[in-house]
Amino acid sequence: MGKIFSRMGDGSALWLTEDELRQELLAGTEDAADRGKISPLNEDELERLFEICASPQKVVSVEPGHEVVHSFDAGTLKFPLRGGVPVDRLGTVLAHERAFCSDTFEVGHCDYSFKPVKAIIAEERQSMEQIQLNATIPVYYGAMPNLGLYTKPDGPVDNWSELLPLGKIAEAREAQEEALELAVKDIYYVCEAMHEAGADGINLDTVGASGDADFMAALRAVEKLKSIYPEIHIEMGMAGEFVLGMHGGLEYDGIRLAGLYPHKQLQLAEKAGVDIFGPVINTKSNMSVPWNIARACTFVKACSEIAKIPIHPNAGMGVGGVPVSSTAPLDAISRASVALIEIGKADGL
Amino acid sequence: MGGVRTAGDLVARVMASKALRVNEAKKYVADKLGLSVFDLSDSQVMREVREELNIGHVLARPGGAIGIEAKIRIAELLDIQINSVNRFKSKLGLSLLNQK
C-alpha cells in the first residue's frame, strides 16, 4: 500500500504511511483518555478507524440502515447570510426540507443570542408561527446564552475579562453571577414565546462560550423551562470540550462546572432536563485529522456509554474531528461523521 | 437520514418527543409504519409510503399534504405530541382528545 491521503486539522493535505496512520490514531485516543480520565478506544475500534481513515474513496459512508439524524446550529444563518442567497427564513427552511432533505432544522436570528432576540420577540414569534404552518420537518429555535453580551458597554454588568487581569477576582465573580441571572431570565422569556409559537423545540447552542457561568445559565434556564413546560424539547449544544473556569466556583447539583469534559457535562444536562445533548470536541489544527477523529470518538463514546438521552456530537468546521475550515473538505467530514456514528455510537450529528 | 425524502423527520420527532436513542427511535417508527428499520432510509420505499399516507414528501403534487396538514397526520400515525399541531387545533377550538 502506498501512502494514505489524509489531512491536517487545518484542512491541508497530508500523506501518511500505514504505521504513521496507526500511530496518529493511537496518540489521539490516548490524548482524550488522559485529559478526560476516560477509557481509550480498544484495538477493534482503532482497527475500524484505520479502515475508515485509510479508505481510498473520496467520500465514505455508513452501511444502509445505519444512518442517523441531523440537527442544526445556526440553521437559518447559513444559507441566506453566510451563503448570501437572497431568500427569507421560511424559504430557507423549505429549501432544507425539500431540496437538502434535512431531518430537522433550526431557525435563529442573525445575532444568534437570546439577549438581542428579546427586543424583537414578537417578530420572531410571528416568523416561527408562519414556518410551523408550512414546514413538515421538526423546526427548532436556536440561540446562544452568550453571557458576554451582558457586560458593559453593551450590557449592565462589569466586564470580568477586564476585572480578572486586574486581580479583582471577587468583583469578576460577582459580575458573572449577576450576568447569569439576567441570562436565565432572557433565555426563559424567549423560549417561552417560541414554545407558544409552536416551535418543535429549543436549541441552546454554543453553551459555555463565556465559561462556567454561561453553562450555569443554560442549565438553570432548562430547569426552569422544564418545570413550567415539561413537554418542551430542548437540545443543548456545547461551545467547547472543556468548561472554562472564568468564575471557577460555580456548582450545579454539587458538581463544580469549571473543567468538566463532555461526559460530565452530559450528566448535568440530563439532570437539568435536556432531551438531546451535543458534545463538542475541539479540532487541533496542528494535528492530523486521524488524530483528531480518534480523539473525538473517544470523548463521544464516553458520553454514549452513559447517556440516557440521545447524543448529537457537533461535527462541523473545527469540531468533532472536522478541520478548522469554513469549507471543510468532504473527505474529512465524511470520515469524521462515519467514525462518530460507528465508534462514538452517536445518535445524530 | 434524508428527512422527508425518507423517514428522517419521523425518527427525529420520535427521538426528541420520547427521548429515545436512535436505534430505539427507528424501531418505534418502523413498527408504527409496518416496515423494517432498513426501509426507513430507502427513498424508493419511503416515497410510496409517504405518498400513500399523505404525510409530506420532497415532491410536490396536487392535493399532497405539506406543513401542518402533514404534521397532523404524523402526530396521529406515530402517536406523538407535536407542539404546532396541538396549538393549531387549540386555535381552531378542536379538542386534543379528538386527535385520533
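In what follows, chains are A, B, ... by sequence order, proteins preceding strands, each numbered from 1.
Within the 3.5 Å criterion, the main-chain N or O of B:G67 finds a donor-acceptor partner in the side chain of A:T136. Checked by atom type and distance alone, the side chain of A:K308 never pairs as donor or acceptor with a backbone atom of B:A19 at under 3.5 Å.
Interface with chain A: from residues 4-17 of chain B, residues B:V4, B:R5, B:G8, B:D9, B:V11, B:A12, B:R13, B:M15, B:A16, B:S17 qualify, criterion being any non-hydrogen pair under 4.5 Å. For residues 23-34 of chain B, heavy-atom neighbours of chain A at less than 4.5 Å comprise B:K26, sorted by residue number. Close approach to chain A, defined as a heavy atom under 4.5 Å from one of its heavy atoms, is seen in B:V37, B:F38, B:S41, B:R50 of residues 36-50 of chain B, taken by number.
No side-chain heavy atom of B:L20 sits less than 4.5 Å from a side-chain heavy atom of A:P310. Using a 4.5 Å heavy-atom cutoff, the side chains of A:Q132 and B:R87 are not in contact.
For chain B, the nearby parts of A:H195 are the backbone and the side chain; heavy atoms of each come within less than 4.5 Å. Of the atoms belonging to A:S102, it is backbone heavy atoms, and not side-chain ones, that fall under 4.5 Å from chain B. A:S71 does not touch chain B: none of its heavy atoms, backbone or side chain, sits under 4.5 Å away. Neither the backbone nor the side chain of A:F277 has a heavy atom closer than 4.5 Å to any heavy atom of chain B.
Between chain B and the residues A:L94, A:L133, A:D275, the most heavy-atom pairs under 4.5 angstrom are made by A:L133. Contact tally against chain B (heavy-atom pairs below 4.5 Å) for A:V139, A:I137, A:V62, A:I232: the top residue is A:I137.
Between the CD atom of A:E196 and the CG atom of B:N83 there is a distance of 8.0 Å, given to the nearest 0.5 Å. Here the CE-CG distance, from B:M1 to A:D103, works out to 7.0 Å after rounding to the nearest 0.5 Å. Between atom CZ of residue A:R98 and atom CG of residue B:L59 there is a gap of 10.5 Å, rounded to the nearest 0.5 Å.
Heavy-atom contacts from other residues, nucleotides or ligands closer than 6.0 Å to CD of A:E231 number more than 12. More than 12 heavy atoms of other residues, nucleotides or ligands shown are found within 6.0 angstrom of OH on A:Y188.
Every residue two or more places apart in sequence or in another chain that forms a salt bridge (charged side-chain N to carboxylate O under 4.0 Å, His left out) with A:E305 is listed here: A:K301.
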